[in-house]
S.K.: 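Pasting in a structure now, in structure tokens, and then I'll have a few things to ask.
Every number for a ligand or one of its atoms is a count from 1 in the order of the listing.
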Amino acid sequence: MASQLRLCSALALVTGAGSGIGRAVSVRLAREGAAVAACDLDEAAASETVRLLGGRGSEEVAPCGGHAAFQADVSEAGAVRRLLEQVQACFSRPPSVVVSCAGITRDEFLLHMSEDDWDKVIAVNLKGIFLVTQAAAQLLVSSGCHASIINISSITGKVGNMGQTNYAASKAGVIGLTQTAARELGRHGIRCNSVLPGFITTPMTQKVPQKVLDKVTGMIPMGHLGDPEDVADVVAFLASEDSGYITGASVEVTGGLFM
Ligand SMILES: CCCCCCCCCCCCCC(=O)CC(=O)SCCNC(=O)CCNC(=O)[C@H](O)C(C)(C)COP(=O)(O)OP(=O)(O)OC[C@H]1O[C@@H](n2cnc3c(N)ncnc32)[C@H](O)[C@@H]1OP(=O)(O)O
Ligand SMILES: NC(=O)C1=CN([C@@H]2O[C@H](COP(=O)(O)OP(=O)(O)OC[C@H]3O[C@@H](n4cnc5c(N)ncnc54)[C@H](O)[C@@H]3O)[C@@H](O)[C@H]2O)C=CC1
């Protein structure tokens, strides 16, 4: 689909920007004119994303401003606070688009799942989105800026998935968190929506046993796994004013899996 320049005045903070869906989201938002603050636990990966965007220090300059890479662990409150301070200082404004893509899996059947694997997944996937959403919202409300917050959940948060009690719980929590944030922040001109991808071809799904991937592919009405760009298309829409009357929604990007 031809990209429009819907985001020329936007500053987009993307977490998990160093890989997969987060990288695709960063590329798409930049292509639509946004300045991108690409954050990841892996600083080198975030910097590579910015290089791909034609970031500061490269010959290409984004249509409406530069891009920058930031390192932060979204599960750490202090790191998230510093991240938002750094973004505000770097761009002299709060992010008007916030996309939380950072996430992990630690898959195991319930009977054998360790407490540590539970804690780690909840900390990154759910608490991380709480911390980023809260820190961004505090900046935005105090400055009176309108914004679009987009949290990446998963279809697993809707229907569950064998081997993922921790992950499914975290992603179901993201939906509830986002709906509640939408209720509280709507009066401030801040929209909050969730995106629920199905199986998307990224490093995260490379760990899935082939027999499971084979099984699920046969269940997808569109007959194939999705690409990160399929998710980025929807994120760009939710980031733009084309979705200006949408908040509290959960948008499934699954090829029809578990519709
Ligand atoms: C018929 C059902 C088809 C599959 C439906 C799956 C729908 C899920 C859609 C999710 C889309 C969104 C994905 C997302 O958000 C990003 C991710 O989370 S990617 C990671 C997704 N993770 C999984 O799906 C878990 C995959 N399973 C595993 O990693 C391992 O099985 C596990 C570590 C849990 C256990 O390993 P192990 O003890 O070695 O057991 P086996 O691997 O041999 O499995 C035993 C048995 O169970 C079957 N099985 C395993 N996982 C699933 C599963 N998710 N759905 C259905 N069946 C599963 C496996 O095929 C074996 O069956 P046998 O008949 O005994 O061979
Ligand atoms: N790939 C898929 O099939 C699906 C993925 N999702 C979700 O989409 C999001 C992105 O997933 P993918 O791109 O597939 O995964 P990925 O593994 O390719 O990318 C995840 C990125 O998040 C970063 N990250 C991990 N922990 C972090 C932390 N504590 N702080 C900051 N960054 C951290 C990683 O370094 C990595 O760059 C995740 O939230 C995932 O749960 C949802 C549904 C399907």
S.K.: Counting non-hydrogen protein atoms only, what is the nearest one to atom 43 (O) of ligand 1? Give residue, atom name and distance.
M.R.: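 Protein heavy atom at minimum distance: K211 NZ, 3.2 Å.
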
S.K.: For ligand 2, list all ligand N or O to protein N or O distances below 3.5 Å, rounded to 0.1 Å.
M.R.:
unit_1   : atom_1 : unit_2 : atom_2 : d
ligand 2 : 1 (N)  : I200   : O      : 3.3
ligand 2 : 1 (N)  : T202   : OG1    : 3.2
ligand 2 : 3 (O)  : G198   : O      : 3.3
ligand 2 : 3 (O)  : I200   : N      : 2.8
ligand 2 : 3 (O)  : I200   : O      : 3.3
ligand 2 : 13 (O) : I21    : N      : 2.8
ligand 2 : 14 (O) : T202   : OG1    : 2.5
ligand 2 : 18 (O) : S19    : OG     : 2.6
ligand 2 : 29 (N) : D73    : OD1    : 2.9
ligand 2 : 30 (N) : A72    : O      : 3.4
ligand 2 : 30 (N) : V74    : N      : 3.1
ligand 2 : 32 (N) : L41    : N      : 3.2
ligand 2 : 35 (O) : D40    : OD1    : 2.6
ligand 2 : 37 (O) : D40    : OD1    : 3.4
ligand 2 : 37 (O) : D40    : OD2    : 2.6
ligand 2 : 39 (O) : C101   : O      : 2.9
ligand 2 : 39 (O) : K171   : NZ     : 2.9
ligand 2 : 41 (O) : Y167   : OH     : 2.6
ligand 2 : 41 (O) : K171   : NZ     : 3.0

S.K.: Can you tell me how far apart OH (Y167) and OG1 (T156) are? Round to the nearest 0.5 Å.
M.R.: 5.5 Å

S.K.: Using a strict 4.0 Å cut-off to heavy atoms of F258, name the atoms of ligand 1 that fall inside it.
M.R.: 7 (C)

S.K.: Have a look at ligand 1 and work out which part of V159, if any, has a heavy atom under 4.0 Å from it: side chain, backbone, both or neither.
M.R.: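 Neither part.
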
S.K.: Measuring from atom CZ of F70 to atom CG of L13, what distance do you get when rounded to the nearest 0.5 angstrom?
M.R.: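 If I round to the nearest 0.5 Å, the distance is 8.0 Å.
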
S.K.: Could you measure the distance from the CG atom of D233 to the CZ atom of R28? Nearest 0.5 Å is fine.
M.R.: 4.5 Å

S.K.: Using a 4.0 Å cut-off to any heavy atom of G163, which atoms of ligand 1 qualify?
M.R.: 34 (C)

S.K.: Atom 42 (O) of ligand 1: which protein heavy atom is closest, and how many Å away?
M.R.: P209 CG, 4.0 Å

S.K.: Between D242 and R6, is there a salt bridge with N-O shorter than 4.0 Å?
M.R.: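 A salt bridge is present here (some side-chain N lies under 4.0 Å from a carboxylate O).
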
S.K.: Just distances here: any N/O of K215 and N/O of ligand 1 closer than 3.5 Å?
M.R.: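 Yes.
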
S.K.: Side-chain contact, heavy-atom cut-off 4.5 Å: C145 with R93?
M.R.: no

S.K.: Among all protein heavy atoms, pick out the one at the shortest distance from atom 49 (N) of ligand 1; state its residue, atom name and that distance to 0.1 Å.
M.R.: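 Of every protein heavy atom, V212 CG2, 4.0 Å lies nearest to atom 49 (N) of ligand 1.
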
S.K.: Quick test: of every protein heavy atom, which one is nearest to atom 56 (C) of ligand 1, and how far off is it to 0.1 Å?
M.R.: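 So the nearest neighbour among protein heavy atoms is M162 SD, 3.7 Å.
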
S.K.: Any nitrogen or oxygen of M219 lying under 3.5 Å from a nitrogen or oxygen in ligand 1? Just yes or no.
M.R.: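 Such a contact does not occur with ligand 1.
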
S.K.: Against heavy atoms of M204, which atoms of ligand 1 measure under 4.0 Å?
M.R.: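 The list of qualifying atoms is 16 (C).
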
S.K.: Under a 4.0 angstrom heavy-atom cut-off, which atoms of ligand 1 come close to T205?
M.R.: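 Every atom of ligand 1 under 4.0 Å from some heavy atom of T205: 19 (S).
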
S.K.: So, does R82 use its side chain to make a donor-acceptor pair with the main chain of A77 at under 3.5 Å?
M.R.: no

S.K.: Just to confirm, does any protein heavy atom lie below 4.0 Å from atom 32 (C) of ligand 1?
M.R.: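 Under 4.0 Å from atom 32 (C) of ligand 1, zero protein heavy atoms found.
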
S.K.: T201 and D227: side-chain donor and acceptor closer than 3.5 Å?
M.R.: no

S.K.: Looking only at distance, does D107 have an N or O less than 3.5 Å from an N or O of ligand 1?
M.R.: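 In this structure, D107 places an N or O atom under 3.5 Å from an N or O of ligand 1.
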
S.K.: Under 4.0 Å from atom 29 (O) of ligand 1, do we find at least one protein heavy atom?
M.R.: yes

S.K.: Which atom names give the shortest non-hydrogen contact between C39 and A72, and what distance separates them?
M.R.: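 That closest heavy-atom pairing would be SG-CB, 3.8 Å.
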
S.K.: Evaluate whether atom CD of Q210 has more than 12 neighbouring non-hydrogen atoms of other residues, nucleotides or ligands under 6.0 angstrom away.
M.R.: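 For Q210, atom CD is crowded (more than 12 foreign heavy atoms under 6.0 Å).
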
S.K.: When you compare the side chain of C101 with that of V14, does any pair of heavy atoms fall below 4.5 Å?
M.R.: yes

S.K.: Which atoms form the tightest heavy-atom contact between P95 and A147, and what is the distance?
M.R.: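 Of all heavy-atom pairs spanning P95 and A147, the closest is O-CB, 4.3 Å.
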
S.K.: For atom 4 (C) of ligand 1, which protein heavy atom lies nearest, and how many Å away is it?
M.R.: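 Scanning the protein heavy atoms, the shortest distance from atom 4 (C) of ligand 1 goes to V216 CB, 4.0 Å.
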
S.K.: Hey, could you give me the NZ/NZ distance between K120 and K127, rounded to the nearest 0.5 Å?
M.R.: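 These two atoms lie 13.5 Å from each other.
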
S.K.: Using a 4.5 Å cut-off on heavy atoms from C-beta on, say whether the side chain of N193 contacts that of N151.
M.R.: no

S.K.: Can you sort out which atoms of ligand 1 are near T105, meaning under 4.0 Å from one of its heavy atoms?
M.R.: 18 (O)

S.K.: Which residue and non-hydrogen atom of the protein lie closest to atom 10 (C) of ligand 1, and at what distance in Å?
M.R.: T156 OG1, 3.4 Å

S.K.: Does the protein put a heavy atom under 4.0 Å from atom 62 (O) of ligand 1?
M.R.: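 Yes, there is a protein heavy atom closer to it than 4.0 Å.
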
S.K.: Rounded to the nearest 0.5 Å, what separates atom CD in Q71 from atom CG in D40?
M.R.: 8.5 Å

S.K.: Please state which part of K207 comes within less than 4.0 Å of ligand 1, counting heavy atoms only: side chain, backbone, both or neither.
M.R.: neither

S.K.: What's the separation between atom CD1 in I152 and atom OG in S194, rounded to the nearest 0.5 Å?
M.R.: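 Rounded to the nearest 0.5 Å, the CD1-OG separation comes out at 8.5 Å.
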
S.K.: Among protein heavy atoms, which lies nearest atom 21 (C) of ligand 1, and at what distance?
M.R.: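 Its nearest protein heavy-atom neighbour is Q164 NE2, 3.5 Å.
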
S.K.: Take S75 and D73, measure what side chain to side chain donor-acceptor pair (under 3.5 Å) needs, and give me the verdict at the end.
M.R.: CA-CA 5 Å; S75 69; D73 177 349; 2.7 Å; yes

S.K.: I'd like to check whether Y167 has a polar contact with ligand 1, where a contact means an N/O of the residue lying under 3.5 Å from an N/O of the ligand.
M.R.: yes

S.K.: Output yes when E48 and R51 qualify as a salt bridge under the 4.0 Å nitrogen-oxygen rule, no when they do not.
M.R.: yes

S.K.: S154 heavy atoms, cut-off 4.0 Å: which ligand 1 atoms fall inside?
M.R.: 12 (C), 14 (C), 15 (O)

S.K.: Charged N to carboxylate O below 4.0 Å: is that the case for E252 and K158?
M.R.: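 Salt bridge between E252 and K158, a charged N being under 4.0 Å from a carboxylate O: yes.
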
S.K.: Which protein non-hydrogen atom lies closest to atom 38 (O) of ligand 1, naming both residue and atom, and how far is it?
M.R.: F109 CE1, 4.0 Å

S.K.: Please check whether N161 reaches ligand 1 - meaning an N/O of the residue sits under 3.5 Å from an N/O of the ligand, judged on distance alone.
M.R.: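 In this structure, N161 places an N or O atom under 3.5 Å from an N or O of ligand 1.
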
